[in-house]
Engineer: 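The following block contains the structure, expressed as structure tokens.
One is the number of the first residue; the rest follow in order along the sequence. Worth saying up front: this structure is predicted, and the values here are computed from it rather than measured.
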Amino acid sequence: LDKNRNGMVSKLELIAAVSQEKSIADMLGIDGESLLSDEKSFDELHSLFEEISAGKKGIDFEAFAKHVRKACAERTPRSSRMLEIFNLIDADNSGSISKLELVA
């Protein structure tokens with residue numbers, strides 16, 4: 001993302017990365033394909049940049065990592081919910097899921 005390697009991702013660098021790399025767009029929850037043609041997508045990216053950068057001119061690694069960790073945590077089910085799902089699949093309560101239990 002940091003094309004000029006100054007330790008910060010500028011808004012222009014972020015726009016370029018999101019519009020060129022689908023994986024980055026997906027990770028940030030932005031439609032990169034319509035970014036430059038759809039005002040709503042552009043506004044979403046602008047708001048996201050402002051949120052992550054906290055009003056600074058760029059996003060440093062610490063701020064970016066904090067945002068990614070938070071976004072991943074929000075998308076990942078809570079541990080208790082994951083255990084509940086695991087236990088539903090583990091029909092024989094062996095503590096592991098067999099191929100048969102997985103396809104059943």
Side-chain angles (χ1 to χ4, degrees):
L1 294 176
D2 183 14
K3 294 288 186 183
N4 64 3
R5 303 200 185 280
N6 68 348
M8 302 284 274
V9 176
S10 70
K11 192 179 297 183
L12 290 176
E13 288 171 324
L14 186 61
I15 290 168
V18 168
S19 63
Q20 294 170 3
E21 296 289 333
K22 185 174 178 2
S23 60
I24 295 172
D26 291 346
M27 180 182 62
L28 295 174
I30 302 289
D31 181 4
E33 292 180 11
S34 67
L35 180 64
L36 300 177
S37 61
D38 178 42
E39 193 171 331
K40 183 179 179 227
S41 293
F42 187 84
D43 288 346
E44 287 175 3
L45 182 66
H46 172 75
S47 294
L48 182 64
F49 179 86
E50 292 300 318
E51 177 186 327
I52 298 171
S53 69
K56 297 177 185 169
K57 292 186 182 226
I59 299 170
D60 62 20
F61 178 76
E62 185 178 321
F64 183 76
K66 181 179 176 183
H67 174 78
V68 170
R69 280 192 300 269
K70 180 181 173 191
C72 288
E74 289 172 358
R75 292 182 191 153
T76 303
R78 295 184 323 249
S79 295
S80 60
R81 180 70 179 137
M82 286 191 289
L83 182 58
E84 183 181 324
I85 293 167
F86 180 89
N87 288 334
L88 287 172
I89 298 169
D90 181 22
D92 65 0
N93 295 317
S94 66
S96 63
I97 298 173
S98 68
K99 291 178 189 175
L100 186 58
E101 288 172 321
L102 191 58
V103 296

Engineer: Could you give the distance from CG (Leu1) to CD (Glu21), rounded to the nearest 0.5 Å?
Structural biologist: 9.0 Å
Engineer: If hydrophobic clusters are built by linking Ile, Leu, Val, Met, Phe, Trp and Tyr wherever their side-chain heavy atoms come under 4.5 Å apart, do Ile30 and Ile15 end up in the same one?
Structural biologist: yes
Engineer: Once side chain to side chain contact (heavy atoms under 4.5 Å, CB included) is applied, do any residues pair with Asn93, and if so which ones, sequence neighbours excluded?
Structural biologist: none
Engineer: Quick one: list whatever passes salt bridge (charged side-chain N to carboxylate O under 4.0 Å, His left out) with Glu50, sequence neighbours left out.
Structural biologist: Lys11
Engineer: With rounding to the nearest 0.5 Å, note down the distance linking CE in Met27 to NZ in Lys22.
Structural biologist: 13.0 Å
Engineer: With the 4.5 Å side-chain cut-off for hydrophobic clustering, are Met8 and Ile52 part of the same group?
Structural biologist: no
Engineer: Could you check whether any side-chain N or O of Gln20 sits under 3.5 Å from a backbone N or O of Gly32, counting only pairs where one atom can act as donor and the other as acceptor?
Structural biologist: no
Engineer: Can you name the closest pair of heavy atoms from Asp90 and Gly95 and give their distance?
Structural biologist: OD2-N, 2.8 Å
Engineer: Please list every donor-acceptor pair under 3.5 Å in which a side-chain atom of residues 55-68 meets a protein atom from a residue at least two apart or in another chain.
Structural biologist:
| unit_1 | atom_1 | unit_2 | atom_2 | d |
| --- | --- | --- | --- | --- |
| Asp60 | OD1 | Glu62 | N | 3.4 |
| Asp60 | OD1 | Ala63 | N | 2.8 |

Engineer: Please report the shortest heavy-atom distance between Leu14 and Val9, naming the atom on each side.
Structural biologist: N-CG1, 3.9 Å
Engineer: Rounded at 0.5 Å granularity, tell me how far CG in Leu36 sits from OG in Ser19.
Structural biologist: 5.0 Å
Engineer: I'd like to know if the side chain of Ser34 pairs up with that of Asp31 as donor and acceptor (distance under 3.5 Å, no hydrogens or angles considered).
Structural biologist: yes
Engineer: Same hydrophobic cluster for Phe42 and Ile24, using side-chain heavy-atom links shorter than 4.5 Å among ILVMFWY?
Structural biologist: yes
Engineer: How about Glu33 and Asp38: do any of their side-chain heavy atoms sit closer than 4.5 Å?
Structural biologist: no
Engineer: Any chance you could measure Ser10, atom OG, to Asp2, atom CG, to the nearest 0.5 Å?
Structural biologist: 8.0 Å
Engineer: At their closest point, which heavy atom of Ser96 faces which heavy atom of Ser94, and how far apart are they?
Structural biologist: O-OG, 3.0 Å
